[in-house]
Amino acid sequence: MSDLETFRAEARAWLEENCPAEMRTPAKGDEDVCWGGRNFVFQSEAQKLWLERCVAKGYTVPDWPKAYGGAGLSPQETKVLRQEMAKLGCRSPLNSFGIWMLGPALLKFGTEEQKVHYMGQIARGEIRWCQGYSEPGSGSDLVSMQTFGEDKGDHWVVNGQKIWTSYADKADWIFCLVRTDKTNKYQGISFLLFDMETPGVTTKPIKLISGNSPFCETFFDNVVVPKHQIVGELNRGWDVAKYLLGHEREMISGMGGDGGVTSIGAAMKAVLTEEPVLRAQMALFDVENLTFRAHGERFMDEWKTGKAHPAYSNLMKYVGTELNKKRNELVMSIGGTQALEWESERSNGGSKARNWLRTKANSIEGGTSEVMLNVVSKRILEMPGA
Amino acid sequence: MSDLETFRAEARAWLEENCPAEMRTPAKGDEDVCWGGRNFVFQSEAQKLWLERCVAKGYTVPDWPKAYGGAGLSPQETKVLRQEMAKLGCRSPLNSFGIWMLGPALLKFGTEEQKVHYMGQIARGEIRWCQGYSEPGSGSDLVSMQTFGEDKGDHWVVNGQKIWTSYADKADWIFCLVRTDKTNKYQGISFLLFDMETPGVTTKPIKLISGNSPFCETFFDNVVVPKHQIVGELNRGWDVAKYLLGHEREMISGMGGDGGVTSIGAAMKAVLTEEPVLRAQMALFDVENLTFRAHGERFMDEWKTGKAHPAYSNLMKYVGTELNKKRNELVMSIGGTQALEWESERSNGGSKARNWLRTKANSIEGGTSEVMLNVVSKRILEMPGA
Amino acid sequence: MAMTLNDDQNMLRESARDFMASEAPVTHFRKFRDMGCKDGFSHGLWKQFAEMGFTGILIPEAEGGMGMGQIEAGIVLEEIGRNLSPSPFLTTSVAAVEALKLADKAMRDRWFPGILAGETVIGIAIEEGVKHRPEKIACVAERSGNGFRLTGQKQFVVQGTSSDMLIVAARTAGAVGETDGLTLFAVDKDAAGLSMEATRLVDSAMAAHVKLDGVQVNADAVIGDVDGGWAVLSKMLDAGRVGAAAEMVGVGTGAMDMTFDYLKTRKQFDRVIGEFQALQHRAAHLYGEMEGARSIVLKAQSLMDEGHAKAELYVAAAKAKAGLACNLAVREGVQMHGGIGMTDEYDIGLYMKRDRGLNEFFGDAYYHADRVATMNGY
Amino acid sequence: MAMTLNDDQNMLRESARDFMASEAPVTHFRKFRDMGCKDGFSHGLWKQFAEMGFTGILIPEAEGGMGMGQIEAGIVLEEIGRNLSPSPFLTTSVAAVEALKLADKAMRDRWFPGILAGETVIGIAIEEGVKHRPEKIACVAERSGNGFRLTGQKQFVVQGTSSDMLIVAARTAGAVGETDGLTLFAVDKDAAGLSMEATRLVDSAMAAHVKLDGVQVNADAVIGDVDGGWAVLSKMLDAGRVGAAAEMVGVGTGAMDMTFDYLKTRKQFDRVIGEFQALQHRAAHLYGEMEGARSIVLKAQSLMDEGHAKAELYVAAAKAKAGLACNLAVREGVQMHGGIGMTDEYDIGLYMKRDRGLNEFFGDAYYHADRVATMNGY
């Protein structure tokens with residue numbers, strides 16, 4: 001047996017012994033997701049137990065080094081662990097922007113002390129993070145941000161406003177882009193970390209067209225941030241942010257579909273048989289969907305071997321998010337009048353309609369389709385002009 | 001009976017008496033079209049007779065004033081005449097860029113002498129005209145043209161090159177944009193008329209992807225043009241050209257379809273029944289085609305009553321030409337392998353394929369789709385920017 | 001007919017535009033939405049509609065209405081669409097009135113006065129599945145006593161629970177899939193055996209799921225002829241379709257205008273975003289689509305008003321085109337607004353929701369494109 | 001399998017790229033077109049293909065070929081597409097070879113040597129109508145003597161009159177529309193009763209209309225099993241389809257690269273037109289479409305090479321997607337080139353013509369999208 005197969009057997013055995021039965025059922029909705037953090041209320045004893053056991057084993061962040069709370073697994077081992085978890089239907093023990101975004105940035109840009117401290121907290125699910133990038137006046141044009149940190153010797157005093165801060169009202173800490181030099185547009189931004197309980201921080205949820213409020217406006221009124229709470233160099237926060245945006249883009253482009261190649265048409269055969277023109281749209285969509293899956297596979301293989309253009313993830317983000325919007329338009333069309341329902345139990349609280357509306361943000365958040373096309377055109381195709 | 005109905009009866013009677021039977025059958029191809037001019041060879045006695053009778057009656061240009069060779073009909077009468085000609089299947093007695101383009105420009109910008117002379121020649125089919133606008137370096141950007149007419153007192157000496165001159169190799173005279181002032185981009189162009197037999201004028205046909213050569217490159221080498229052969233004021237030729245381009249655009253936008261609302265689908269039912277996705281494309285095309293017909297009708301009604309925006313013809317040109325390209329893509333798809341044939345009698349000399357390729361020029365000639373969208377955006381929607 | 005509005009029609013447009021903008025703008029819609037109104041519209045506004053003469057716009061003058069046609073109804077609907085004004089106008093004053101115009105005098109006398117007064121609301125109970133397929137009606141009406149006994153279910157009855165009467169299509173003969181054998185009935189909301197469950201839709205309109213559990217109606221409840229309901233149904237549906245298309249012209253134009261205004265003010269990268277050529281071209285293309293939709297809708301309305309044989313074809317094309325164009329307008333609208341377009345606070349998202357409801361109403365663009373193909377002979 | 005080319009495949013690409021660019025670039029195509037060549041390709045070039053080993057790329061090593069798979073054949077086809085190199089490669093070395101690999105040894109020994117030597121050309125005689133519909137084959141093969149008598153007609157037999165042998169699909173049993181009962185035959189070009197009429201296509205390829213007027217063939221002319229020809233046919237068609245898709249990736253990429261170069265040099269309004277954002281966005285979108293097409297084609301090829309159960313689904317999707325993307329590339333190419341794009345002198349129009357032929361070959365994008373739907377269960 002190869003080392004990897006040995007690992008597979010061990011992982012399988014560990015999961016079977018340690019993952020509570022209740023945690024092997026599909027999550028019913030957002031409320032079943034474990035986000036951790038100071039104020040998180042576990043939905044069940046099983047949810048708590050599952051998190052604790054994974055934390056002890058390093059399995060909340062299996063590919064992070066052991067020193068920072070991970071299990072130190074190789075990429076191959078991590079993939080095997082995920083496969084075994086999927087086979088058993090294990091829920092994710094912990095969801096977190098700390099895991100997905102801040103962690104990778106700290107690993108690349110953080111000091112050893114920061115890694116041990118913050119990544120450890122993330123791995124243990126102790127601190128829930130949010131991200132402070134966009135501002136009302138700077139959406140696509142991120143570097144035009146105005147939130148300013150005034151240098152006061154051993155600390156900054158931050159004033160300004162962020163928008164589109166995911167779950168800011170539930171987060172414990174924020175990683176935040178703050179202007180620390182007004183004279184330099186790009187190299188005048190720093191990447192700061194601070195506690196959302198710091199005096200002067202307030203949040204206000206934004207209600208979306210889907211009826212949900214996953215985002216907030218976040219206000220900073222003379223917020224004191226000690227100088228050691230910076231990641232990377234002073235005024236070079238844009239490097240950290242760009243690195244993170246790449247990660248975010250990959251995450252979002254992964255949404256361009258159902259995570260697989262299964263057609264939604266088969267389940268809707270009864271409707272489609274009677275609607276030949278709609279069926280044709282679905283058929284053409286399936287061609288695009290199969291294409292995007294193959295494209296994603298090829299991109300990942302090229303990315304891993306260093307053959308992909310650095311800006312290629314922008315293309316995938318564009319294609320994937322536009323496809324996902326199209327998919328949801330079709331889901332609504334095929335769902336017909338039932339998909340219009342907004343609150344009924346029959347419609348699972350309007351889940352089709354709300355998901356459809358939610359997908360409209362895909363091509364805006366993490367860089368609009370327009371910005372993606374600009375980047376592809378300039379950086380990959382090398383089209384002339386500013 | 002109203003005056004118009006009286007006119008209808010008279011016109012009908014005249015047509016029945018004067019239009020030869022042979023001229024009431026559909027034209028089989030380009031060779032059946034009467035273009036007139038010095039070198040035109042009539043295909044038949046009937047073709048010649050039909051032209052002569054129409055010339056005598058003023059019916060080659062029924063809505064032009066009698067003084068300039070027309071019949072002086074009102075717009076309503078002209079419409080009625082066209083309807084009656086269509087009912088009897090009468091061919092057009094005379095096709096000519098003189099009728100469609102130069103005539104209207106002369107009517108608006110010409111001197112009385114020019115009107116009598118040139119419009120009369122056009123009406124009688126004596127002179128065949130071509131248009132010299134585009135140059136190799138100035139396609140969409142017409143005003144960047146370089147062809148220059150040097151002032152020599154009572155004449156200009158013209159040097160330069162035109163491209164896309166329709167049937168220049170068959171035309172007797174040209175109406176031509178020539179730079180007469182190098183210091184003023186827009187107000188330094190004049191609208192000149194001259195004989196293609198003038199020493200120094202040479203033409204070279206351009207072979208198109210359709211295999212046909214309706215256009216030429218036209219070269220001017222010290223061509224002498226007397227000063228009285230200018231239309232409009234010196235250096236204000238751009239006004240004349242713009243006026244003409246509007247006419248051309250309307251003509252071309254009229255091509256966006258079959259001149260009617262008949263679906264091409266019915267004749268192709270056998271194929272479409274077996275090809276559900278292709279049938280769906282055809283169905284969606286028919287929706288667009290019916291829409292464009294209604295749109296054109298509304299535009300004409302608003303144009304006539306002065307309610308249409310002056311730049312609206314640019315929108316119609318864009319929509320109509322894009323639609324016509326789509327139509328021909330569908331014709332090719334439905335025609336399948338037979339439509340691919342290029343020379344065979346079975347395929348009427350590859351007429352489907354050649355027509356399809358020809359339509360690709362629709363969205364380029366007379367202003368590209370891109371330029372049309374620029375104009376709509378700037379002038380109708382009043383979007384900001386240069 | 002000329003494809004331009006005449007003076008009377010332009011006057012009507014002015015007055016409808018002023019009325020909706022002042023009495024039922026988007027803030028009015030928000031108010032009723034946010035209070036969770038069980039009707040989804042204001043009865044007070046419906047009364048005001050009546051005062052303006054709108055509720056009886058299609059009712060013959062001899063019966064107290066304005067005796068106008070689809071063009072005029074469409075003028076009102078476009079302003080409704082532009083302002084997202086919530087009302088029973090489309091179902092009651094357009095679809096139901098067109099059906100009732102084919103009913104006998106007693107029936108008309110029973111319902112027209114309430115409609116004219118803005119007191120009556122009528123629901124259209126046609127749909128039985130999630131997609132529009134009127135020939136597939138399975139709801140049964142058996143002969144029983146002096147009349148009929150109706151058994152079956154209906155869905156997507158807009159404003160159903162607010163209605164005083166439902167127009168119910170049921171099968172008195174023939175098999176599912178046949179157009180012969182259908183009959184339309186006027187069923188009182190209080191009829192025994194009739195039950196409704198209201199459900200809120202994505203655009204905050206209320207729709208009812210209806211159960212007909214042996215509902216007894218008299219013979220005089222029949223609208224039109226027994227077994228010959230398809231003729232009435234077709235007329236009613238086409239009026240509803242071209243009306244929905246007109247409302248979508250309003251929704252799409254409203255969304256488009258709002259978006260163009262935004263393009264002219266929002267700055268990014270130190271430029272007003274309307275300066276970016278890629279957005280300019282998309283804007284110009286969208287404008288062309290909406291203008292096309294406006295044209296085909298006007299054409300379909302005028303052919304219906306003329307009673308032209310091709311009206312059905314053009315109505316199908318108009319519903320399809322208006323649906324496609326309006327859908328493009330709201331999608332481009334949300335995308336071009338960027339992040340704020342996703343917020344409930346901005347109006348553009350409300351247009352997207354309304355578009356979805358209207359697109360589905362009486363057959364979506366794909367359904368009608370299919371009908372165009374069939375009517376065109378393939 | 002990883003979705004990247006391995007070192008051997010990259011080497012093959014290099015050599016195919018160099019070979020086509022130097023031996024069969026667009027000027028080569030023009031030369032044979034302009035001379036009105038009755039074959040539509042150069043026999044000399046076909047010999048050179050053989051010297052490179054290309055003609056036997058799919059023939060097993062044991063039988064003298066390179067024993068490679070669809071990925072490798074596709075690498076050659078992409079370069080053929082990029083250079084519009086005219087050759088019988090797709091029909092003979094890809095489609096026909098895949099069919100012959102399922103034939104008995106005698107048949108393989110009869111034809112493989114000539115293919116390997118670049119001396120033999122094989123035509124595929126499947127189509128009977130203007131659209132691809134292989135299950136509708138009506139051409140009849142009756143038992144007769146020691147073999148069969150073939151009667152019927154075939155269309156769109158590419159390089160038919162230049163072929164030494166035609167692979168003819170005919171019905172030995174079953175009714176039109178059934179997949180059972182078909183049989184594939186190797187019919188010699190000189191067979192009595194076989195007549196062909198050559199016709200030039202829009203892309204200057206030659207295709208034949210074939211008449212089979214009681215053509216007698218022996219029992220050993222059968223490729224695969226009698227009545228079981230669908231299996232051979234499917235394999236042959238899928239190889240031809242994924243091959244055409246690979247060639248379209250080449251055609252589309254060639255057209256796209258040429259267009260992007262043009263955008264970077266052509267000036268209008270005092271600016272290089274590639275600076276205009278509207279064109280930039282369309283260029284970036286096109287690039288994404290072509291990259292997607294490249295990916296699905298590679299996926300389909302590797303599934304075919306693995307003998308994966310889903311290969312048929314992916315081949316259909318790949319033919320459809322490559323067709324849509326390549327078609328977009330040539331349409332955008334001609335439009336962005338403006339007037340000169342319409343001239344015979346510039347190459348972009350040649351790409352548009354070639355795209356049209358390849359799109360139609362063995363089923364267009366709409367046909368294959370329909371098959372994707374069917375295979376996906378609706």
Side-chain angles (χ1 to χ4, degrees), chain B residues 261-273 276 279-305 307-308 312 314-316 318-320 322-323 334 369-370 372-386, chain C residues 1-5 10 256-257 260 263-265 271-289 291-300 302-303 310 313-314 316-325 365-378:
Chain B
V261 294
T262 314
S263 169
I264 52 178
M268 295 297 181
K269 183 172 181 174
V271 167
L272 293 174
T273 304
R279 176 183 172 276
Q281 307 307 308
M282 190 67 225
L284 290 165
F285 173 82
D286 272 356
V287 169
E288 300 302 334
N289 190 43
L290 288 168
T291 297
F292 183 68
R293 299 298 132 199
H295 197 176
E297 222 183 297
R298 179 173 146 244
F299 167 54
M300 289 315 293
D301 286 345
E302 295 200 340
W303 189 263
K304 278 184 286 184
T305 52
K307 283 181 206 149
Y312 206 92
N314 295 274
L315 177 66
M316 297 308 289
Y318 163 70
V319 178
E322 293 296 333
L323 188 69
I334 297 173
S369 282
E370 290 76 13
M372 297 299 105
L373 289 171
N374 283 343
V375 172
V376 171
S377 155
K378 301 276 164 56
R379 293 190 50 205
I380 304 184
L381 309 185
E382 298 175 347
M383 286 295 155
Chain C
M1 209 219 67
M3 286 277 283
T4 51
L5 298 188
N10 276 317
M256 179 173 77
D257 291 348
F260 290 173
L263 291 181
K264 290 172 189 169
T265 50
R271 290 164 69 187
V272 176
I273 62 175
E275 289 183 40
F276 289 101
Q277 197 197 33
L279 296 186
Q280 290 183 341
H281 280 203
R282 280 160 56 186
H285 175 77
L286 169 59
Y287 174 71
E289 293 296 289
E291 285 286 292
R294 176 179 297 284
S295 306
I296 184 89
V297 169
L298 182 57
K299 182 80 186 175
S302 66
L303 292 177
K310 289 273 184 189
L313 173 68
Y314 276 85
K319 180 68 164 70
K321 181 63 194 179
L324 294 168
Y366 305 127
Y367 173 81
H368 286 292
D370 183 55
R371 289 182 71 230
V372 166
T374 305
M375 286 188 263
N376 271 340
Y378 61 92

task = Could you tell me which portion of B/E288 (side chain, backbone, both or neither) has an atom closer than 4.5 angstrom to a non-hydrogen atom of chain C?
result = side chain

ask   = For C/H285, is it the side chain, the backbone, both, or neither that has a heavy atom closer than 4.5 Å to a heavy atom of chain B?
value = both

query = Do any N or O atoms from the side chain of B/D301 and from the backbone of C/M3 form a donor-acceptor pair under 3.5 angstrom?
reply = yes

query = About how many Å separate CE of B/M316 and NE2 of B/H295, when rounded to the nearest 0.5 Å?
reply = 4.5 Å

Straight-line distance of C/H281 NE2 to B/Y318 OH, nearest 0.5 Å = 9.0 Å

key: Toward chain B, the part of C/A293 with a non-hydrogen atom under 4.5 Å   = backbone

ask   = In terms of heavy-atom pairs under 4.5 Å with chain B, which of C/F276, C/Y287, C/Y378 leads?
value = C/Y378

query = Would a 4.5 Å heavy-atom cut-off, applied to side chains only, mark B/R279 and C/D370 as touching?
reply = yes

request  = May I ask you to name which of C/R371, C/E291, C/K264 has the most heavy-atom pairs under 4.5 Å with chain B?
outcome  = C/E291

Whether C/Q280 side chain and B/V376 backbone form a donor-acceptor pair below 3.5 Å = no

message = Report which part of C/L303 has an atom under 4.5 Å of a heavy atom belonging to chain B: side chain, backbone, both, or neither.
response = neither

query = Among B/L284, B/N374, B/T273, which has the most heavy-atom pairs under 4.5 Å with chain C?
reply = B/N374

task = Taking side chain to side chain contact (heavy atoms under 4.5 Å, CB included) as the test, write out the residues that go with B/R379, two or more places apart.
result = B/H309, B/P310, B/A311, B/V375

query = With only heavy atoms counted, which part of C/I273 is less than 4.5 Å from chain B, the side chain, the backbone, both or neither?
reply = neither

Listed partners of B/M268 passing side chain to side chain contact (heavy atoms under 4.5 Å, CB included), at least two apart = B/L272, B/I334, B/K352

ask   = Measuring heavy-atom distances to chain C, does B/K304 have an atom under 4.5 Å in its side chain, in its backbone, in both, or in neither?
value = neither

